[in-house]
Every structure is written in structure tokens, then in C-alpha cells.
Amino acid sequence: MTPHRVNPPELSPPTGFSHAVTATGSRLVFLAGQTALDGDGKVTGDTLPDQFEKALTNLLAALAAAGGTPADLARVTVYATDVAAYRAHAPELGRVWRRLAGRDYPAMAVIGVVRLWDEQALVELDGFAVLP
């Protein structure tokens with residue numbers, strides 16, 4: 001399976017995401033929301049970039065356990081408790097994404113939320129992947 005990233009020229013150029021992703025494969029993997037929880041269930045990291053890195057690491061660990069790789073991601077949703085802070089840190093968050101997941105961006109959205117399940121959590125990521 002090779003996801004095909006679709007970025008129509010009539011839409012604004014995507015930065016850090018794809019407008020659409022088509023994929024065919026034999027298995028869908030639905031990834032639960034991941035925050036910056038460590039193995040003991042405690043939120044780690046005091047800053048948004050630190051928490052984003054841990055949440056993405058957790059999401060990719062779940063994906064790997066299901067047999068997938070970052071290139072298999074078709075959709076990721078980011079839930080942020082402070083969208084302005086997310087935008088301010090976007091360059092740093094992009095560097096974290098590229099280091100951990102590469103440059104094959106899934107279709108993505110960032111959604112502002114009042115709070116997450118764990119009050120200390122600043123960001124949560126969920127998504128789905130299509131495996132060959």
C-alpha cells in the first residue's frame with residue numbers, strides 16, 4: 001500500500017499536512033487519542049512541544065505495535081487546549097513531526113478544545129492508518 005497525497009493546485013499550498021490522502025490496503029488501524037502519558041500513566045513535559053513529542057511518540061508506538069509505519073498514516077487529528085500556542089510553536093512542532101514521522105504528511109486537522117481527559121495534557125493526537 002502506498003498512500004497517495006492529493007494537493008489540488010486551486011487550494012492553498014499545504015504546510016505540514018496533505019489536503020487529501022487516498023489509500024488502498026488490507027487493514028485499517030484506528031489509533032486512540034494519545035497524550036504525553038508515560039508508562040505509569042503520568043503526563044510528562046511542561047511545554048507544548050515536549051508534550052507534542054511524547055504524544056506523537058505514543059501514537060507511533062501504537063501504530064508500530066499494529067504493524068504500521070508513519071508512512072501508513074492517512075489521517076491525524078490534533079486536539080490542542082491552546083490553538084494560539086500551537087500556532088506559535090508550529091515550526092518547532094513541524095521539526096518534531098519530521099524527525100519522528102518523516103515528510104509523508106497525512107490529512108490533518110488541529111481542533112481547539114477546552115480541556116483534555118488529563119487536566120495537565122496540552123495536546124492529544126489520534127488518527128488512522130491503512131496497512132498493506
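The residues of the chain are indexed from 1 along the displayed sequence.
- Using cut-offs of 30° and 60° for the angle between ring planes, the F52 and Y86 rings count as perpendicular.
- Taking the side chain as every heavy atom from C-beta outward, L37 and D118 approach each other to under 4.5 Å.
- Linking ILVMFWY side-chain heavy atoms closer than 4.5 Å, directly or via other members, places I111 and L116 in a single hydrophobic cluster.
- Around CZ of R103, the count of heavy atoms belonging to other residues, nucleotides or ligands within 6.0 Å does not exceed 12.
- Distance alone, capped at 3.5 Å, is enough to place a donor-acceptor pair between the Q51 side chain and the L122 backbone.
- P70 has its side chain out of reach of L100: every pair of non-hydrogen atoms, C-beta onward, lies at least 4.5 Å apart.
- Remark: side-chain polar atoms of N7 are paired, donor with acceptor, to backbone N or O of H19 under 3.5 angstrom.
- Transitive grouping of hydrophobic side chains (ILVMFWY, heavy atoms separated by less than 4.5 Å) brings L125 and V110 into a common cluster.
- Nearest heavy atom pair, residue P132 against residue S26, reads O-OG, 2.6 Å.
- E53 places a side-chain heavy atom less than 4.5 Å from the side chain of R99.
- A heavy-atom distance below 4.5 Å is not found between the side chains of F17 and R5.
- Smallest separation of non-hydrogen atoms from D104 and A71: OD2-CB, 4.0 Å.
- Within a 6.0 Å sphere centred on CZ of R115, heavy atoms belonging to other residues, nucleotides or ligands number more than 12.
- When all heavy atoms of P49 and L93 are compared, the pair lying nearest together is CA-CD2, 3.7 Å.
- Considering every non-hydrogen atom in both L131 and G68, the closest pair reads CD2-N, 3.8 Å.
- A 4.5 Å side-chain heavy-atom check between V76 and L56 finds every atom pair outside the cut-off.
- Within the 4.5 Å cutoff, no side-chain heavy atoms of T35 are placed close to those of N58.
- No donor-acceptor pair under 3.5 Å is formed between the side chain of T77 and the backbone N or O of D126.
- Considering CE of M108 and CZ of R75, their distance stands at 8.5 Å, rounded to 0.5 Å.
- Here the closest non-hydrogen pair linking L28 and V130 is CD2-CG2, 3.5 Å.
- Atom CG of L73 and atom CG of L60 lie 6.5 Å apart (nearest 0.5 Å).
- When atom types are taken as modelled, the side chain of D38 and the backbone of D40 share a donor-acceptor pair closer than 3.5 angstrom.
- D72 has its side chain out of reach of V29: every pair of non-hydrogen atoms, C-beta onward, lies at least 4.5 Å apart.
- Y105 and V21 make their closest contact through O-CG2, 4.2 Å (heavy atoms, listed as atom of the first residue, atom of the second, distance).
- T44 is not listed as a side-chain neighbour of D50, based on a closest heavy-atom distance of 4.5 Å or more.
- Cluster annotation: V96 is not connected to Y79 through the hydrophobic network of ILVMFWY side chains, with a link wherever side-chain heavy atoms come within less than 4.5 Å.
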